[in-house]
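Below: the structure, in structure tokens.
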Amino acid sequence: MPMATMSTKLFVTGGAGFIGSAFIRLLLDRDDATEITNFDALTYAGNLDNLQDLDPERHHFIRGNITDREAVQAALGDGTQAIINFAAESHVDRSILSADEFLRTNILGTQVLLDAARERGVNRFLQVSTDEIMGSLLEDETAYFTESSAFAPNSPYAASKAAAEHLVRAAHHTFGLDTIITRCGNNYGPRQFPEKFLPLAVSNALNDQSIPIYGDGRNVRDWIYVDDHCRAILLALEKGRSGEVFNIGARNERRNIEVAESVLDALGKPHSLLRFVKDRPGHDRRYAIDPTLAEAELGWAPIETWESGLRKTISWYQENARWVERTRSGAYQTYYEQQYGTEVTS
Ligand code: NAD
Ligand code: DAU
């Protein structure tokens, strides 16, 4: 799907969230010929502050829910070249507390978008998925997730994203819809809602508050800087072949404890701020992505190292204390606090 030769109209869902807003920023910075409709329900995770600096001529925000067929149809308009679906309930801990909204948005919402793409003759549908659909690898093995790894989702969130992938696959197979699926690991960077581990660690540490570490802290995640993920999505959109799946990872496995210690060290804070707490139920032990296909076929490679990405991320949170304050005063409580209160210590 060659782009940027003439005016390109894209429909991005969930673009007021963490990754979607980074994707829009990247795209608008990259070329002048792209116009984006950003369709987002503004749930607790959607934030208009994330869109403040975007060119209003080329970025059109519409508040709407992807489960609402009429609203999606009305917003989609004619001549849209691609739908890029970021909209989702994205936090594993919340899905453990209640799965309802995950099923509605992540499964039903994806089907509504697929139907709308077919009805409106949209050329391409890109589903932003996750490595979590492939379950958990063992801590000390050297296995990696590949595009042909089996589905084995372990949390309600992961199960809902796996179901969404199946629906995308079915739309391709049954109706010939031109689809791409990208699966990524743990993103980090500016504007990530501070219920997620890394921004929670940074914002807690900045306020000399402790960082909750689930279980023994040895769980491994494969971290990627958000802009590197977004560049991979863009390349997959442009160069991927219809029906393809791409695993996106920066070959950057880290134990949670190591991530938290890196944050504390970068801020000159003591390791005594680490607080081991009760584990997440069903906590996946290790994620590790083999990105060979994306590297070979898309010519993609990450730009940021763990050190440079973490530096940029921490600086952003230091310089945007008001963003964090406004987000947190939305009276959110982490899963850990909701389950166990704030008094439990190890
Ligand atoms: P986020 O929670 O920061 O943002 C989600 C956005 O979707 C918000 O702006 C929210 O308002 C919007 N949204 C939620 N429900 C909606 C609905 N029903 N209709 C319209 N908009 C709705 O999420 P994120 O971290 O930016 O993740 C974006 C996508 O990437 C998700 O699909 C997620 O599964 C996937 N993903 C995330 C990561 C990660 O590390 N964060 C990794 C791999 C894949
Ligand atoms: O792998 C991709 C996935 O990464 C995405 O699909 C999800 O949308 C995204 O939320 C993320 O899922 P995780 O569950 O891995 O992310 P989270 O930030 O919630 O947790 C990262 C790790 O840190 C995980 O092993 C749990 C642990 N953790 C988390 C929190 C919030 C803690 O130890 N303490 C915490 O307070």
Side-chain angles (χ1 to χ4, degrees), residues 1 3-4 7-90 101 104-106 108-117 119-120 122-129 164 168 179-180 182 184 187 189-193 226-227 229-238 320 323 326-327 330:
M1 195 191 126
M3 296 194 338
S7 175
T8 307
K9 282 174 77 175
L10 302 181
F11 190 79
V12 174
T13 68
F18 165 49
I19 307 176
S21 65
F23 178 78
I24 292 174
R25 191 166 289 104
L26 185 86
L27 199 50
L28 293 180
D29 281 353
R30 199 196 65 157
D31 71 68
D32 297 332
T34 305
E35 236 184 273
I36 295 172
T37 297
N38 177 0
F39 188 80
D40 192 300
L42 294 182
T43 67
Y44 79 95
N47 188 344
L48 287 178
D49 286 351
N50 293 348
L51 308 171
Q52 263 173 4
D53 51 338
L54 303 180
D55 176 0
E57 296 289 310
R58 295 186 297 138
H59 168 254
H60 314 289
F61 181 79
I62 297 177
R63 185 173 190 175
N65 197 305
I66 60 166
T67 62
D68 181 341
R69 284 182 190 276
E70 284 73 37
V72 167
Q73 285 281 358
L76 196 49
D78 292 323
T80 300
Q81 272 101 330
I83 294 178
I84 301 101
N85 182 26
F86 290 93
E89 286 295 330
S90 68
E101 217 44 58
R104 269 192 288 274
T105 290
N106 299 3
L108 180 62
T110 299
Q111 185 61 42
V112 167
L113 293 172
L114 289 165
D115 292 343
E119 284 159 28
R120 285 305 185 98
V122 173
N123 298 347
R124 174 155 274 195
F125 185 98
L126 189 145
Q127 172 72 1
V128 181
S129 190
V168 174
T179 62
I180 297 280
T182 57
C184 195
N187 284 228
R191 303 178 187 81
Q192 185 170 29
F193 193 85
V226 64
D227 289 354
H229 178 197
C230 291
R231 285 189 308 101
I233 292 173
L234 201 47
L235 285 168
L237 186 67
E238 292 175 340
N320 289 276
W323 183 97
R326 276 209 295 271
T327 309

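In what follows, every heavy atom counts, from backbone to side chain, and hydrogens, waters and symmetry copies are set aside. All residue numbers refer to positions in the sequence shown, counting from 1.
Under the salt bridge (charged side-chain N to carboxylate O under 4.0 Å, His left out) criterion, Asp29 pairs with no residue at all, not counting sequence neighbours. Remark: Gln127 engages Asn85 in a side chain to side chain donor-acceptor pair (under 3.5 Å) (not counting sequence neighbours). Every residue was checked against the side chain to side chain donor-acceptor pair (under 3.5 Å) condition with Asp40, not counting sequence neighbours, and none meets it. In this structure, Glu119 has no salt bridge (charged side-chain N to carboxylate O under 4.0 Å, His left out) partners at least two apart in sequence or on a different chain. With sequence neighbours left out, the salt bridge (charged side-chain N to carboxylate O under 4.0 Å, His left out) criterion links Arg63 to no other residue.
In terms of heavy atoms, Asn50 sits closest to Gly17 at ND2-O, 3.8 Å. The nearest pair of heavy atoms linking Ile66 to Thr110 is CD1-N, 4.2 Å. Residue Phe39 comes nearest to Val72 through the heavy atom pair CE2-CG2, 3.8 Å, listed as atom of the first residue, atom of the second, then distance. Nearest heavy-atom pair, Val122 versus Ile83, reported as atom, atom and distance to 0.1 Å: CG1-N, 3.8 Å. Residues Ser21 and Leu51 come closest through the heavy atom pair CB-CD2, 4.0 Å.
A side-chain donor-acceptor contact under 3.5 Å links Lys9 to the backbone of Asp78.
Using the six-membered ring where Trp is involved, Phe193 and Tyr44 have ring planes that are perpendicular, over 60° apart on the 30 and 60° scheme.
For residues 41-57, the salt bridge (charged side-chain N to carboxylate O under 4.0 Å, His left out) pairs, not counting sequence neighbours, are Arg25-Asp53, Asp49-Arg326, Asp55-Arg58.
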